[in-house]
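A short write-up of the structure that comes next.
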Amino acid sequence: MDRERSYDFAAVEERWKKEWVATNPWAAPEIPTGNKRFLVTMFPYPSGDLHMGHVEIFSIHDTLARYSRMQGFQVLNPIGWDAFGLPAENAAIKRGVHPKKWTYENIAKHRASMERLGMSFDWSRVFYTCEPTFYRWNQWLFLQLYERGLAYRKAAAANWCPKDKTVLANEQVIAGRCERCDTPVVKKWLTQWFFKTTDYADRLLDDMELLTGWTERLKNLQRNWIGRSYGAEVNFKIEGRLEPVQVYTTRPDTLWGATFFVVAPEHPLADELVSGTDKEDELVRFREEVGRLSEIDRTSTEREKKGMFTGKYAINPVNDERIPIWLADYVLMDYGTGAIMAVPAHDQRDLEFARAYGLPVRVVIQPPDRELDGDTMTEAYAGEGVMVNSGTFDGTPTTESVAKVTEWLEANNLGRSAKNFRLRDWLISRQRYWGTPIPIVFCDDCGEVAIPYDQLPVVLPDDVDFESQEAASPLATATDWVNVPCPKCGRPSRRETDTMDTFVDSSWYYQRYTDPRNEEAPFDPKKSNAWMPIDQYTGGIEHAVLHLIYTRFVQKFFMDIGMTKDPEPFPALLNQGIITMGGKRMSKSRGNIVEPVEAFERYGADALRLYMLFSGPPEAPFDWPEEGVTSIGRVSAPWLQRVWRLCEDVADMPVAPEGAGRGDAEIALRKLIHRTIKVVTRDYEDFGFNTLIARLQELVNEAYRYRAAGGANRGVLLELVESLLLMLAPMAPYITEEEWRRLGHDESIHGREWPVFDPVMAAEDEVTLVVQVNGKVRDTIEVPVDISEEEMLRRALASPNVQAHLAGKEPTKVIARPPKLISLVVPT
RNA sequence: GCGGGCGUGGUGGAAUGGCUUACACGCCGGCUUUAGGUGCCGGUGCUCGAAAGAGCGUGGGGGUUCGAAUCCCCCCGCCCGCACCA
């Protein structure tokens, strides 16, 4: 073959990119009329240009979109930008540009790179979340939740960076430290807006059975995070107080072992208990001490637990025992009831606290194999056993103790069965500028007032001092914007100056794709229901417990208010593996980075896409070789050249060559084509991109061998290269389009139907029979596929090497798996 | 501590309980080339052997099976998530 002629990827890719950008050939219908596929990849946050992580997931996603179209589906493949967020504000503060300008410039870079990569998005549906036409529906969503009591304001401990004097989002707290200044984060008591995700906790857990296309790994992360536990709520009387206080426990059967009672330091009950006593000052000091601790210190399990005795007592309802009430930093305000019964013999934390403060330890569960002693034990016992020191329950085994005690508590009105969740309500307030304004005003007369729907959107003002260190939130500096008449009474009122967490935007953005220009509603349920649910969602697993829980929550809420029919937005989710170099995340500062733009310039988009897909299974992490972008030039780029030369060779062949018959070589090649279509199609369905590329490489290798051996049947070779191009088109859109046209087609390859294999051609007629003697392979024989068991045995016994290992003995057992295996057993 | 995942050639990785290592990188050789590179063809788990072939080999140990990378038990190592959740 002509080795001089090489594929000019730069010119070809530039030409088709221009054409595709100009014509938007992948626009989806408003409402699908046939089989649909709605494919979504997590929309990007526009900081800088695209990185390799984007390229990886986009390559996977776009391959699925193009493959689906060729399979005859009507595909909705949209894109947008998650355009609000703190990095824009940080960049603005650092460089003195407005966050809007910074954001739009980055979106332009992103978009150019996506176009360069050959993404087949429907660009007519694009939106940015920082536009009022989008975020007004965040405000709409907020009000819908607010009307139903699912958006509410309460005082809570938020992550607070003492240096930046701002509340941080969860995702901005990295290992207990502020991502901006590395200062350890502390909790600060603030009144904030929440979405009541906990109301949906059970459904979030139970509906996981619908998530058939999620990995167990991810579902486990969510289960863990939601953390449902079953137990009982028990009423404890407090001396000198009319109302009893509830505690939550998963081990009501250890109630008789409760030797003290603990309340979280922040608990209002703490104030009540010490009020009017000589402990008031001590409480203030204790709270200060606890509040001063960074999150890192407070949550460290090594740290010694700190406590304070309140001077008051609670009454254990099961035995009327008087037990002291303590405050301790290991009890959390926002889990359960914020108060616990402490059973030091059977809870490690309680035991550590009891030893530190000299509190009694009483064993109420005895293990079967040894005798516990409350005075000397150094480790709490949480295993199986029987109840002791527990009145009439003595002797009850732990297998039934929880149920029995709970039943008894309910019968005697002392408590009730209960469950609890680790999941907390979603704190959505942010003291940031670059986000959706919360549509609430505060009026001296009417209090908290919702902005009426017909006054939406509450537009984010451009002119604010977002660097102000004094203001509670940057929006507070826009005084003209803040001070408005109350929508209810018309008297002066002040707007809420916090903005919404940007995860609100991403919690429903995919719905907007189905109806992106709707000015009456976030989306029309008719259009949404026609496209939803998302047939395949793709994106990073780092969103496992943030975006992927919020989204499921909002989807269920939409279902409850009749906006959508599906309880789950994306039953199938593919998480790509992270890309590293030298085992570390790629970053400019480390210098271990490969820029997509460099790959585009040196090897082209097709080579980059193919390189990513060939590196391994899509969900597997990929450690990029240290040589960087050059590795593309060793792996995928040369192979694309090889494909090009093969196609060009075939295109140049005379139409009816003399003497090119249809011999065994041609038949073998045709059989390989059809077998390849068969297995490649199956691999596409299973995301086995790396293995299907290997199959395509085998096909190309065989074609080269055929040519090298003098084969010249143009018909067979044309069938081969056309099948090859069709199968390659979803992964490498440019070269396949170009070569398809050069082979004489007027229409785009990307609108063509997927090749169908001929079952007769794909069927094997000869296979390799493996002959084993006592489990070891002793020969391999080529046999027809329809060989009988008797014939298999006959041929196996005819093998000299098999005979040698039979050593003259008769097989006592023959296992035949026609036509591929026969296993003979002889006594040894 | 709790939960989950992983361990296969020099490397990335293949392998419905059935020939371990497809495909590719790297390396070795041949051809083409003034040369290098590119390209085309072939070889490449380890040990013994001239070869035929034999033995060993999927982190370690045991088990089930005619047959185990795959299923079961124990151990070792690595990675990830959550972490005072009562």
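Labels below follow one simple rule: chain letters A, B, ... track the order of the sequence lines, proteins then strands, and each chain is numbered from 1. Excluded from the calculations below are hydrogen atoms, water molecules and symmetry mates; all remaining heavy atoms, backbone and side chain alike, are included.
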Check every strand shown and say whether A/His805 touches a base, only sugar-phosphate, or nothing at a heavy-atom separation below 4.0 Å. sugar-phosphate
Rounded to whole angstrom units, what separation is found between the CE atom of A/Met612 and the P atom of B/rA24? 19 Å
RNA chain B: A/Asn801 or A/Ile693, which has the more 5' nearest nucleotide? A/Ile693
Taking the six-membered ring for Trp and the single ring otherwise, decide whether the centroids of A/Phe353 and A/Phe260 are under 6.0 Å apart. yes
State, without any angle test, whether A/Arg642 and A/Asn701 hold a side-chain donor-acceptor pair at a distance under 3.5 Å. yes
Between A/Lys813 and B/rC66, does any side-chain N or O lie under 4.0 Å from OP1 or OP2? yes
Is the backbone N or O of A/Met731 less than 3.5 Å from a side-chain atom of A/Arg609, with the two atoms forming a donor-acceptor pair by type? yes
Using the P atom as the reference point in each nucleotide, state the distance between B/rC27 and B/rG18 in Å, no decimals. 35 Å
What is the distance, to the nearest angstrom, from the CD1 atom on A/Ile822 to the C1' atom on B/rC19? 15 Å
A/Arg707 bridged to A/Asp649 by N-O distance under 4.0 Å: yes
For A/Gln803 and B/rA52, what is the distance between atoms CD and P respectively, to the nearest whole Å? 21 Å
P gap between B/rU20 and B/rG53, integer Å: 15 Å
Using the side-chain heavy atoms of A/Phe614, tell me which of these nucleotides is nearest: B/rG12, B/rC66, B/rA22. B/rG12
Whole-Å distance between B/rG37 P and A/Gln641 CD? 18 Å
Counting any heavy atom closer than 4.0 Å, what does A/Arg682 reach on the DNA or RNA strands: base, sugar-phosphate only, or nothing? nothing
So, OP1 or OP2 of B/rC66: does either fall under 4.0 Å of a side-chain N or O from A/Arg817? no
In this structure, how many angstroms lie between the C1' atom of B/rA24 and the CD atom of A/Glu627, rounded? 13 Å
Base, sugar-phosphate or nothing for A/Leu221? Non-hydrogen atoms, less than 4.0 Å. sugar-phosphate
Report yes or no: do A/Ser229 and A/Tyr248 form a side-chain donor-acceptor pair below 3.5 Å? yes
Looking at every strand, decide which applies to A/Pro625 at a 4.0 Å heavy-atom threshold: base, sugar-phosphate, or nothing. nothing
Distance, rounded to the nearest Å, where A/Arg642 contributes CZ and B/rU38 contributes C1': 13 Å
Are A/Arg645 and B/rC40 close enough that a side-chain N or O sits under 4.0 Å from OP1 or OP2? yes
Can you tell which of B/rC84, B/rG18, B/rA22 lies closest to the side chain of A/Arg695? B/rA22
If you check the A/Arg217 side chain, which of B/rA86, B/rC84, B/rG4 turns out closest? B/rG4
If you assign A/Arg634 and A/Leu824 each to the RNA chain B nucleotide with the nearest heavy atom, which residue ends up on the more 5' nucleotide? A/Arg634
Using the P atom in both, what is the distance from B/rU65 to B/rA15, to the nearest Å? 28 Å
Answer with base, sugar-phosphate or nothing: what part of the nucleic acid does A/Val770 contact at a heavy-atom distance below 4.0 Å? base
Using the C1' atom as the point on both nucleotides, what is the distance between B/rG57 and B/rU8, in whole Å? 10 Å
Given B/rA86, is OP1 or OP2 found less than 4.0 Å from the side-chain N or O atoms of A/Ser229? yes
Drop me the distance from A/Phe421's CZ to A/Asp202's CG, to the nearest 0.5 angstrom. 3.5 Å
For A/Asn701, answer base if it contacts any base atom (sugar-phosphate contacts may also be present), sugar-phosphate if it contacts only those atoms, and nothing otherwise; contact means non-hydrogen atoms under 4.0 Å. sugar-phosphate
Would you find more than 12 non-hydrogen atoms of other residues, nucleotides or ligands less than 6.0 Å from A/Arg217 atom CZ? no
Using a 4.0 Å heavy-atom cut-off, does A/Thr249 contact any base of the nucleic acid, only the sugar-phosphate backbone, or nothing at all? sugar-phosphate
Ignoring backbone atoms, establish whether A/Lys776 has a side-chain N or O less than 4.0 Å from OP1 or OP2 of B/rC56. yes
For atom C1', what is the distance between B/rA24 and B/rC79, given to the nearest Å? 26 Å
How would you list, by chain and number, every residue that makes a side-chain contact (heavy atoms from CB on, under 4.5 Å) with A/Ala314, sequence neighbours excluded? A/Phe236, A/Ile238, A/Phe261, A/Ile323, A/Ile325
So what's the dot-bracket for RNA chain B: Watson-Crick or G-U pairs under 3.5 Å, [ ] if a pair crosses, | if it pairs off-strand? (((((((..(((.....[....)))((((((.......))))))((((....))))..(((((..]....))))))))))))....
For B/rC41 and A/Tyr704 - does any side-chain N or O of the residue sit under 4.0 Å from the phosphate oxygens OP1/OP2? no
Considering every strand and a 4.0 Å limit on heavy-atom distances, what is the contact class for A/Asn224: base, sugar-phosphate, or nothing? base
For the side chain of A/Ile815, starting at C-beta, report the closest nucleotide among B/rG18, B/rC82, B/rG4. B/rG18
Answer yes if the ring centres of A/Tyr611 and A/Trp624 are under 6.0 angstrom apart, and no otherwise. yes
Per the atom types in the model, does the base of B/rC84 pair as donor or acceptor with the side chain of A/Lys305 at under 3.5 Å? yes
For B/rC40, take OP1 and OP2 only and decide whether either is under 4.0 Å from a side-chain N or O of A/Arg705. no
When you look at NZ of A/Lys820, are more than 12 heavy atoms from neighbouring residues, nucleotides or ligands closer to it than 6.0 Å? no
When rounded to whole Å, the CG to P distance for the pair A/Leu696 and B/rA24 reads 12 Å
Does A/Arg422 reach a base, just sugar-phosphate, or nothing at all? Heavy atoms under 4.0 Å. base
Looking at every non-hydrogen atom in both residues, tell me the closest pair between A/Gly628 and A/Val594 and how far apart they are. CA-CG2, 3.9 Å
Distance, rounded to the nearest Å, where A/Asn690 contributes CG and B/rG12 contributes C1': 10 Å
Counting the atoms with a prime plus P, OP1 and OP2 as sugar-phosphate, which does A/Gln772 contact under 4.0 Å by heavy atoms, base, sugar-phosphate, or nothing? base
Mind checking A/Ser823 for me? I need base, sugar-phosphate or nothing, with any heavy atom below 4.0 Å counting as a touch. base
Separation between the P atoms of B/rA69 and B/rG55, rounded to whole Å: 16 Å
Interatomic distance at P, B/rG49 relative to B/rG67, whole Å: 31 Å
